[in-house]
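Each chain gets a letter, A, B and so on, in the order the sequences are listed, and its residues count up from 1.
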Number of protein chains: 2
Amino acid sequence: MTVPTGRRERKKAATRQKIAETALRLFLERGYDAVGIREVAAEADVAVTTLFSHFASKEALVFERDADFERCLVEAVTGRSPDEPLMAALRREVHALVEHCAAPGAAPVWRMIDASPALRQYEESMRLRHADALAGALAADLGLARATTACRAIARFVVDARALAREADDPRAAVEEIFVMIEAAWAATGARTD
Amino acid sequence: MTVPTGRRERKKAATRQKIAETALRLFLERGYDAVGIREVAAEADVAVTTLFSHFASKEALVFERDADFERCLVEAVTGRSPDEPLMAALRREVHALVEHCAAPGAAPVWRMIDASPALRQYEESMRLRHADALAGALAADLGLARATTACRAIARFVVDARALAREADDPRAAVEEIFVMIEAAWAATGARTD
DNA sequence: ACCGTAACACTAACGGTTAGCTTTTTGGAA
DNA sequence: TTCCAAAAAGCTAACCGTTAGTGTTACGGT
């Protein structure tokens, strides 16, 4: 098979990105609720069905990087340097993710998300998926066949940390504060700390 | 005002309950997705608009006791005996709530919820609301004006505990295991333990 | 007995989403 | 180069949850 970028895949990715860009622009210009799917599709010059073949829902248009965040979390565990403790790697990654949310230009997007119940709800369900993925990675890292209750709990705490930090006055300090709690919780499970 | 049960309030409560009962019956008989709102309304012999004046959404029909759960959590903090430590009260309450989910007859409902993405998503957003309410109660109990990051984090951990325990093979053991972690996290904040 | 209002009803629509089907584009085989 | 199977995109028409707008009835307090 043709390993590098086939034209088909490139065109598909381009279509996807054009839809996402158009949607975000319209949403920011006129408000998420005030812009309909038919409008986004028309402005991006694609059919409504095409839009839905790239994005599972209207909300998914806003969280285009969804899969990336999940990958980052998992890779923070699986791809860390051999001598880095598990929790330290997670703390570092959550710091990076929170930093990313505070990037210039991201503020209007987050304001839009906070203003829309539908978007907030979607973000919550995203977090659960990320927690499940992270729990799996944690289990694998510990040599377990399945994610234990402790793995699942820690994974949830970690994704909660990101969410809470984003809302806090001082996100960096909030991450530090919550990770002190998470490390204590982790230590209480009797897990190794390497 | 007439303190006891006015006829108007009784009729309203009866209508609400009839709608909820009818909906749950139809959902369990034929599947959540296979039953439409118009059908539920017709079977309960009310107008669609009446149904939506009692329940904010189709999913809310399934989680009729939503407000009760939130109240239980908050009251576990505010209404505990003066000598009971905060975390012990919360652990007891989460045990009770998980027990309640395992009640006979509840199994089909939870199977239905697990099978429907819409219901799962709704449950997640419910959890967040409960966590916010609990965070407020925690802050009040500690004499704080606003919920701090630590309060919010602990509140999330507690509602996560309930969710994780419900999915675990041994719910009781899971609650115990997670609360060991939560107590460690709580202690790490330097909070008093009374 | 009367009035204000809460509860309920009806119609019609809006907006997200999907099914069914056709057309175009693309990668690779003949 | 030509042709085919499949992927991608398109169009139409609906389904379904939800809401606005507008009456109508039944109740509680005066």
Side-chain angles (χ1 to χ4, degrees), chain A residues 1-20 22-24 26-27 30-64 112 116-123 125, chain B residues 1-20 22-24 26-27 30-64 112 116-123 125:
Chain A
M1 63 186 182
T2 321
V3 178
T5 58
R7 179 178 332 186
R8 183 175 268 175
E9 294 161 34
R10 251 183 301 122
K11 283 208 172 184
K12 182 169 182 174
T15 300
R16 181 192 158 91
Q17 188 168 351
K18 179 168 187 185
I19 294 170
T22 304
L24 196 56
L26 292 181
F27 291 159
R30 320 219 314 272
Y32 179 75
D33 291 324
V35 178
I37 282 289
R38 291 162 176 86
E39 215 170 334
V40 173
E43 181 86 9
D45 199 28
V46 296
V48 171
T49 45
T50 299
L51 186 155
F52 277 108
S53 78
H54 285 276
F55 298 93
S57 66
K58 185 186 182 184
E59 296 93 59
L61 288 167
V62 174
F63 296 96
E64 197 215 348
M112 175 179 79
S116 161
L119 288 175
R120 279 215 306 277
Q121 191 166 348
Y122 185 88
E123 199 211 343
S125 71
Chain B
M1 64 185 181
T2 320
V3 178
T5 59
R7 180 179 325 183
R8 186 175 266 173
E9 294 161 34
R10 250 183 301 122
K11 282 205 173 183
K12 179 170 183 175
T15 301
R16 181 192 159 91
Q17 189 168 351
K18 179 168 186 187
I19 294 171
T22 304
L24 197 55
L26 292 181
F27 291 160
R30 319 218 314 271
Y32 179 76
D33 291 324
V35 179
I37 283 288
R38 291 162 177 84
E39 215 170 334
V40 173
E43 182 86 9
D45 199 27
V46 296
V48 171
T49 45
T50 299
L51 187 155
F52 277 110
S53 79
H54 285 276
F55 298 92
S57 66
K58 185 185 183 186
E59 296 92 56
L61 287 167
V62 174
F63 296 96
E64 198 215 347
M112 174 180 80
S116 161
L119 288 176
R120 279 214 307 276
Q121 191 166 349
Y122 185 87
E123 199 211 345
S125 71

At under 4.0 Å, does any side-chain N or O of [X] touch on OP1 or OP2 of [N]?
| X | N | answer |
| --- | --- | --- |
| B:Lys58 | D:dT18 | no |
| A:Lys11 | C:dT25 | no |
| B:Thr50 | C:dA9 | yes |
| A:Thr49 | C:dT17 | no |
| B:His54 | C:dA7 | no |

Figure out the [atom1]/[atom2] separation between [X] and [N], and round it to whole Å.
| X | N | atom1 | atom2 | answer |
| --- | --- | --- | --- | --- |
| B:Glu59 | D:dT18 | CD | C1' | 11 Å |
| B:Tyr122 | D:dG17 | OH | P | 15 Å |
| A:Asp45 | C:dT24 | CG | P | 16 Å |
| A:Phe52 | C:dG20 | CZ | P | 17 Å |
| A:Glu39 | C:dC14 | CD | P | 14 Å |
| B:Phe55 | C:dA7 | CZ | P | 14 Å |
| B:Leu51 | C:dC10 | CG | C1' | 15 Å |
| A:Phe27 | C:dG16 | CZ | C1' | 11 Å |

Check the surroundings of atom CD in A:Gln17: do more than 12 heavy atoms from other residues, nucleotides or ligands lie under 6.0 Å from it?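 For A:Gln17, atom CD is not crowded (no more than 12 foreign heavy atoms under 6.0 Å).
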Tell me what [X] touches on the nucleic acid: a base, only sugar-phosphate, or nothing, going by heavy atoms under 4.0 Å.
| X | answer |
| --- | --- |
| A:Val48 | base |
| B:Arg8 | base |
| B:Val40 | nothing |
| A:Asp33 | nothing |

Establish, for the pair A:Lys58 and A:Tyr122, whether the NZ or CZ atom is under 6.0 angstrom from the six-membered ring centre and no further than 45 degrees off its axis. no
Distance-only donor-acceptor test, A:Arg38 side-chain atoms vs C:dT17 base atoms, 3.5 Å: yes
Side chain of B:Ala47 - closest among C:dT18, D:dG10, C:dA9: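 Among C:dT18, D:dG10, C:dA9, the one nearest the side chain of B:Ala47 is C:dA9.
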Side chain of B:Arg7 - closest among D:dC27, D:dA9, C:dC8: D:dC27
Residues B:Ile37, B:Leu61; criterion side-chain contact (heavy atoms from CB on, under 4.5 Å); working and verdict: CA-CA 10 Å; B:Ile37 283 288; B:Leu61 287 167; 4.2 Å; yes
Do A:Ile19 and A:Glu64 come within less than 4.5 Å of each other through their side chains, counting heavy atoms only? no
Contact summary for B:Lys18 and B:Ala44, nearest pair of heavy atoms: CE-O, 3.6 Å
